[in-house]
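Heads up, the thing below is written out as structure tokens.
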Amino acid sequence: MDHSFKGVLYPARLPTFHRLPAPSAVEHLVQWFWIPEWDIEPGRTSRQHVIAYPACNLVVGLERVDFAGPTTRVGHQDLSGRGWAVGALLRPAAVPLFTDDPRGVRDAEVAFAAVELHLTVTAAMSPSPLDADDGGARRERAVDAFAHWLALFAGAGVSEEALLANRMMDLLASDPSVLRLEDAAAELAVSPRTLQRVARKYIGLSPAALIRRRRLQDAAERARLDASADLAAIAAELGYADHAHLTNDFRKYLGFTPSGYRRAVGGG
């Protein structure tokens, strides 16, 4: 299980939150499953801010199933009352199962008709996960049910192009030495134009946007976890020309500066 809160801007404000690995049958389709559970006292709302991973999600909630497209900016979810969600962070190879144009659902959520998926995941998560500590058994059952449905829905194996999209995402999301489209193309032994086409078809964001998102997530995580770290040094380590360029990216895509974010985290 991945316990990292990378991408979550204020992890101290999270309700109960778990990430579970994808079962082997759907590893090529799902990066991981994520399950928040919350019980917010009446009259209050908990706002969760995230620099979302640059990917699509399929989310089972209490009322319905939603397909969420890739995001281009910082986002938030307002939680109230009592509830849960079971989400799958989809790998690029899974995206054509749900849309032929991921760019058309950027920064959007649309209802997805999957009655059986909703029934089986809801049954696995019932009774309310907050009623008793079952050691995570409900969450594991929910993930197994989700993965079983997805494997049947996907059918036969995916194409070589889809697997290339997965490799591209893995590289751009994890390798700090990849700072340009040309770096990724050389590493994957394909042309820059091929990567642009694959990103457009399977992700809905450009390779440059994927690289930018990784750097912003890394910068936010370092600023949050090490209050003594010099922001100019963080900028240099992540390949920014200088502190000003890091600050400009923060302000443009997140709406605040690195120093302002650090103060907000420190103040809870």
Linking Ile, Leu, Val, Met, Phe, Trp and Tyr by side-chain heavy atoms under 4.5 Å, what else ends up with V95? none
Could you identify which residues cluster with V178, counting Ile, Leu, Val, Met, Phe, Trp and Tyr as linked when any side-chain heavy atoms lie under 4.5 Å apart, either directly or through a chain of such contacts? L164, M168, M169, L171, L172, L181, L188, V190, L195, V198, Y202, I203, L205, L210, I211
Quick one: list whatever passes salt bridge (Lys or Arg N to Asp or Glu O under 4.0 Å) with D101, sequence neighbours left out. R103
Pair listing, salt bridge (Lys or Arg N to Asp or Glu O under 4.0 Å) test, anchored in residues 148-165, at least two apart: E161-R197, E161-K201
With sequence neighbours left out, what residues match A186 under side-chain contact (heavy atoms from CB on, under 4.5 Å)? none
Non-neighbouring partners of A114 that pass side-chain contact (heavy atoms from CB on, under 4.5 Å), sequence neighbours left out: V65, F112, L117, W149
Among pairs that include at least one residue of residues 179-194, which meet salt bridge (Lys or Arg N to Asp or Glu O under 4.0 Å), considering only residues two or more places apart or in two chains? R180-E182, R180-D183
Going by chain and number, the hydrophobic cluster around V115 (ILVMFWY, side chain to side chain under 4.5 Å) further includes L119
Output all residues satisfying side-chain hydrogen bond (donor to acceptor under 3.5 Å, both in side chains) with D226, sequence neighbours left out; order by chain, then residue number. S228
Quick one: list whatever passes side-chain hydrogen bond (donor to acceptor under 3.5 Å, both in side chains) with H148, sequence neighbours left out. none
Taking salt bridge (Lys or Arg N to Asp or Glu O under 4.0 Å) as the cut-off, I'd like each qualifying pair that reaches into residues 165-175, sequence neighbours left out, listed once. R91-D170
For N248, side-chain contact (heavy atoms from CB on, under 4.5 Å) partners two or more places apart: R251
